[in-house]
There are 2 protein chains.
Amino acid sequence: MPAPAPPSASRKNLAREVVQLLRTAILSGKLPPGGALAEPVLAERFGVSRAPVREALIELEREGLVEFKATGRTCVRTLARKDFEEITEARSALESMAARRVAAVWSAADTAFLEKNIAAQAKAATLGELSRLDMELHAYVVRRSGNDRLAALWQTIRWQFEMALASTHRLQESLVFQPRAITVESHRCLLAALASGRPETAAKTMAAHIAGALEWFAADAPPDSSGQKRARTKRRATTGGLA
Amino acid sequence: MPAPAPPSASRKNLAREVVQLLRTAILSGKLPPGGALAEPVLAERFGVSRAPVREALIELEREGLVEFKATGRTCVRTLARKDFEEITEARSALESMAARRVAAVWSAADTAFLEKNIAAQAKAATLGELSRLDMELHAYVVRRSGNDRLAALWQTIRWQFEMALASTHRLQESLVFQPRAITVESHRCLLAALASGRPETAAKTMAAHIAGALEWFAADAPPDSSGQKRARTKRRATTGGLA
DNA sequence: AATCCTAATAGTGTCGACACTTTTGGGGTT
DNA sequence: AACCCCAAAAGTGTCGACACTATTAGGATT
């Protein structure tokens with residue numbers, strides 16, 4: 001199931017394939033955070049020359065999954081708690097605006113789509129399935145906002161969020177189904193706001209919904225690192241980790 | 001005066017130079033909207049090979065200054081009124097969030113910086129100077145938000161906004177100083193909100209400030225195109241075209 | 001054994017080349 | 001004159017090569 005329409009739909013073929021392969025490998029943890037990404041190595045591994053690999057790395061750097069060190073070397077990015085917060089904040093900014101816009105043009109078909117998605121969430125068998133549906137829902141709202149720039153910006157941080165989420169999954173598969181009901185409930189609430197026809201309500205609800213996700217997994221999944229302060233880790237029961 | 005620190009500070013040298021050259025050429029109108037951008041031609045023109053040019057074009061496509069047609073060819077992007085609205089909306093989303101955050105950590109030094117900037121605006125001799133100061137002010141707020149992702153996203157639409165603004169300038173140098181006082185006044189109002197210590201006030205004021213800019217130049221500078229409806233073109237006197 | 005220096009290795013930045021595709025321009029036809 | 005077809009020109013996607021730089025490993029020195 002490849003992403004339906006990447007923001008840069010045009011141009012190239014091999015480079016896009018390499019992007020997808022690398023992205024999958026990174027998100028699945030096969031390429032661990034901090035691991036080196038050498039162009040010749042990847043080129044041989046994928047059976048292509050360095051040129052497409054190089055372009056793919058540039059794309060992934062844009063998406064924040066990969067980091068160009070000062071020395072010129074490339075490696076898989078490592079996410080600290082501060083990164084979680086930044087990503088969530090950026091999502092909040094973009095998706096709140098998207099919610100504001102989409103609320104103004106909300107239709108019955110939109111409600112139907114979200115209801116179907118949320119119903120599927122309630123039946124999701126795995127956490128991976130649940131988070132896929134969650135992402136689909138949010139992508140839908142962003143796309144339906146009708147603002148292509150907003151959508152393009154959102155796409156560039158989408159994968160960072162998935163990466164952060166994936167590291168959370170790996171850290172604690174045990175919590176899998178505790179948050180499910182909470183996630184579903186939060187999405188029902190969000191749907192109501194989007195369908196209310198009140199843009200500001202929609203925007204505020206979306207912001208709260210996403211903030212709930214941060215509270216959840218910033219509390220549980222600080223994969224590192226140096227000195228952060230941040231006292232509040234009280235897990236507010238709003239989203240259950242999936243925005 | 002090259003941009004101080006591009007978001008992707010690392011990696012390469014030639015490609016970054018080409019990016020700057022091309023960006024300047026596009027923003028100045030030397031490369032007109034819709035004009036073809038062929039890699040071999042540009043490569044020869046800049047005295048480099050195709051590789052850096054190619055990477056530069058990818059970067060500029062990300063920034064929205066350049067468009068990859070479905071055929072694979074590349075050209076300077078053409079902005080329609082819908083694009084103006086999208087860009088402004090995206091800026092509003094990002095900068096409102098930035099304002100919200102920066103208000104929480106606002107210091108006397110920040111106030112001093114903005115006051116100096118606004119004073120310079122009041123004395124600006126040309127529209128170009130005014131808009132440079134305006135951009136500097138907004139960049140300052142975004143950077144001071146402390147969220148690198150937000151800043152990176154903002155950078156990617158910054159140039160689109162400058163491009164839209166540039167086309168406005170070219171269309172009507174005559175209006176040059178009518179809006180200056182309004183711009184300054186709006187920025188004073190923004191500074192007060194940022195320094196108020198109330199995040200929501202800061203966010204709302206920033207949103208209004210930017211919306212004011214849209215009203216101004218969406219009304220005056222629709223460089224084209226097909227059927228848009230949009231009745232309200234009443235020029236609300238809030239910003240004077242520079243957000 | 002630990003340290004420093006040096007040589008070998010790996011990697012990036014840039015270039016030119018080639019195959020394939022799209023566009024362009026010219027000539028013939030109606 | 002307008003239209004269609006074909007050949008030439010231009011452009012992109014991909015590849016391999018080379019120079020320069022950073023890393024690493026090994027060996028000599030203390």
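Bear in mind that the values here come from a model prediction, so they are computed numbers and not experimental data. In what follows, chains carry the letters A, B, and so on, assigned in the order in which the sequence lines appear, proteins first and then strands, with residues in each chain numbered from 1.
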Is Leu57(A) touching bases, backbone alone, or none of the nucleic acid, heavy atoms closer than 4.0 Å? nothing

Mind checking if Leu37(B) touches a base, just sugar-phosphate, or nothing, with heavy atoms under 4.0 Å?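 Leu37(B): backbone/sugar contact only, no base atoms under 4.0 Å.
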
Hey, is [X] close enough to [Y] for a salt bridge, meaning N to O under 4.0 Å?
X	Y	answer
Lys82(B)	Glu85(B)	no
Glu59(A)	Arg62(B)	yes
Glu63(B)	Arg23(B)	yes

Table of protein N/O atoms under 3.5 Å from nucleotides 6-8 of chain D N/O atoms:
none

Minimum heavy-atom separation for [X] and [Y], please, with both atom names.
X	Y	value
Ser92(B)	Ile210(B)	CA-CD1, 3.8 Å
Leu194(B)	Val141(B)	CD1-CG2, 3.9 Å
Ala203(A)	Arg100(A)	CB-NH2, 3.6 Å

Using modelled atom types and a 3.5 Å cut-off, is there a donor and acceptor pairing between side-chain atoms of Glu86(A) and backbone atoms of Asp148(B)?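 Yes; at least one donor-acceptor contact below 3.5 Å.
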
Are any side-chain N or O atoms of Asn147(B) and backbone N or O atoms of Ala98(B), one a donor and one an acceptor, separated by less than 3.5 Å? no

Any side-chain N or O of Arg73(B) less than 4.0 Å from the OP1 or OP2 oxygen of dT23(C)?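 Result: no.
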
Give a yes/no answer on whether the side chain of Thr71(B) brings an N or O atom under 4.0 Å of OP1 or OP2 in dT23(C).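 Yes, Thr71(B) has a side-chain N/O under 4.0 Å of OP1/OP2 on dT23(C).
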
[X] [atom1] to [N] [atom2], straight-line distance once rounded to whole Å:
X	N	atom1	atom2	value
Ile58(A)	dG13(D)	CD1	P	14 Å
Lys69(B)	dT23(C)	NZ	C1'	13 Å
Glu39(A)	dT21(D)	CD	P	18 Å
Glu55(B)	dG13(D)	CD	P	13 Å
Arg54(B)	dG13(C)	CZ	P	16 Å

With 3.5 Å as the limit, what N/O pairs link the protein to nucleotides 15-19 of chain D?
from    : atom 1 : to       : atom 2 : distance (Å)
dC15(D) : OP2    : Ser49(A) : N      : 2.7
dC15(D) : OP2    : Ser49(A) : OG     : 3.2

First locate atom CG of Leu42(A), then atom CZ of Arg54(A), and finally report the distance between them rounded to the nearest 0.5 Å. 12.5 Å

